[in-house]
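Quick notes on the structure that follows.
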Amino acid sequence: MSIPLSIKWEGKQLIILDQQKLPHEIVYIKLETLKDVYEAIITLKVRGAPAIGITAAYGLAMEAQNYKTNSMIDFLEILEKDATYLGKSRPTAVNLVWALKRLLKVASHMDNVLIAKELLVKEAMRIHKEDEESCQNIGEFALSLFEDKTKVMTICNAGSIATAKYGTALAPFHLGKERGKEFEVFACETRPVFQGGRLTVWELQQSGVDVTLITDSMAAHTIGAKGIEAIIVGADRIAKNGDTANKIGTLNLAILASVYGIPFYVAAPSSTFDLSINNGEEIPIEERKAEEIIIINDKAIAPVNTKVFNPAFDVTPSKYISAIITEKGIIYPNYSENISTQLAVSNEKEKIYEN
Ligand code: MRU
């Protein structure tokens, strides 16, 4: 039994688990060009907010090694162009632009192209390592909220393969397993592309966590019938007031949690907070191709010309969120005050570290 990993940096090569092929095949593929990285992100070979950020960071650092200039001005110009290209691959998960901006910032402080190339790789590796540490801390804090044998519902995959390791929403289940604390996890299959059924069920089975699959429409009934005690989800972007974008269907679960009187937790690292926006209305919601809804396993399940609305995410108003579990600690309402205070402390620390 082991926790699966989705991103590997081996001998200066970027290798990812092709999540499109799960659960039938466990295939790792090498991404060699910026276009490979862009395609892997947009086609969900690699997905999940932190994993997208890490992959993009490696992709940009890797591409920068090929720039044929000794001028730092030219180097930065090409780097920015490539970062803009990668940054457009998926609009909702803020970790993507957050990671790319970190690389641009590192390069902007350099006056030598060779050193800049080296430091970009180091920064991508640092982002990767920090995310693993963050997820482990999120798991520790989340574990403190749950009794042994708690029945918990989740949606999508906010697990190890959506991050560097452990995951966010799934971190307490992996860590709990290592410590002998058991959970009963109920995974919503997560239409349209089944991140719950294909990925979460597979991932939790890999580490021996007790997981039961339901369809998204069974959530309300299951909460009552199985006595679900809490819901935990990941996040793609959290606004200053706590409004949270996550996989489509999350909002339904948040409303259900409120009606049934059970806690609704969001688990996310500080890289998922976007303090430049005041509330969820400002979060861009990705809309994806109609085929994702109409075609399953190469077969049409509706007339092929059907008019389709396919938003990949929804926004849960912060009033439905019982707590946000971060690597720094658990944030409770009032979010408008507490998020800024808690994250401002961490920003302050980072500033000192930079100097
Ligand atoms: O479209 P996806 O599969 O990238 O959506 C992923 C999610 O919504 C996750 O819950 C979120 O990115 C957090 S992953 C730790």
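Note that ligands are numbered from 1 as they come in the structure, with each ligand's atoms numbered from 1 the same way.
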Does a side-chain N-to-carboxylate-O contact under 4.0 Å join R126 and E123?
yes
Holding to ring-ring contact (aromatic ring centres under 6.0 Å, His included), I want the full list of residues that pass it with Y38, two or more places apart in sequence or in another chain.
Y85
Among residues two or more places apart or on two chains, list those pairs meeting ring pair (Phe, Tyr, Trp, His ring centres under 6.0 Å) that have a residue in residues 232-286.
F146-Y265
Connected hydrophobic set around I161, excluding itself, where side chains approach under 4.5 Å:
I15, L17, L22, I26, Y28, L199, W202
Does K177 pair with E182 as a salt bridge, N-O distance under 4.0 Å?
yes
Taking atom CG of L96 and atom CD1 of I41, what is their separation to the nearest 0.5 Å?
5.5 Å
Protein N/O near ligand 1 N/O, under 3.5 Å, which pairs?
residue	atom	partner	partner atom	Å
ligand 1	1 (O)	R90	NH1	3.3
ligand 1	1 (O)	R90	NH2	2.8
ligand 1	1 (O)	K247	NZ	2.8
ligand 1	3 (O)	R47	NE	2.8
ligand 1	3 (O)	R47	NH2	3.2
ligand 1	3 (O)	Q195	NE2	2.9
ligand 1	4 (O)	G48	N	3.0
ligand 1	4 (O)	R90	NH1	2.8
ligand 1	8 (O)	D236	OD1	2.8
ligand 1	8 (O)	N246	OD1	3.1
ligand 1	8 (O)	K247	N	3.2
ligand 1	10 (O)	N246	OD1	2.6
ligand 1	12 (O)	A49	N	2.8
ligand 1	12 (O)	D236	OD1	3.1
ligand 1	12 (O)	D236	OD2	3.0

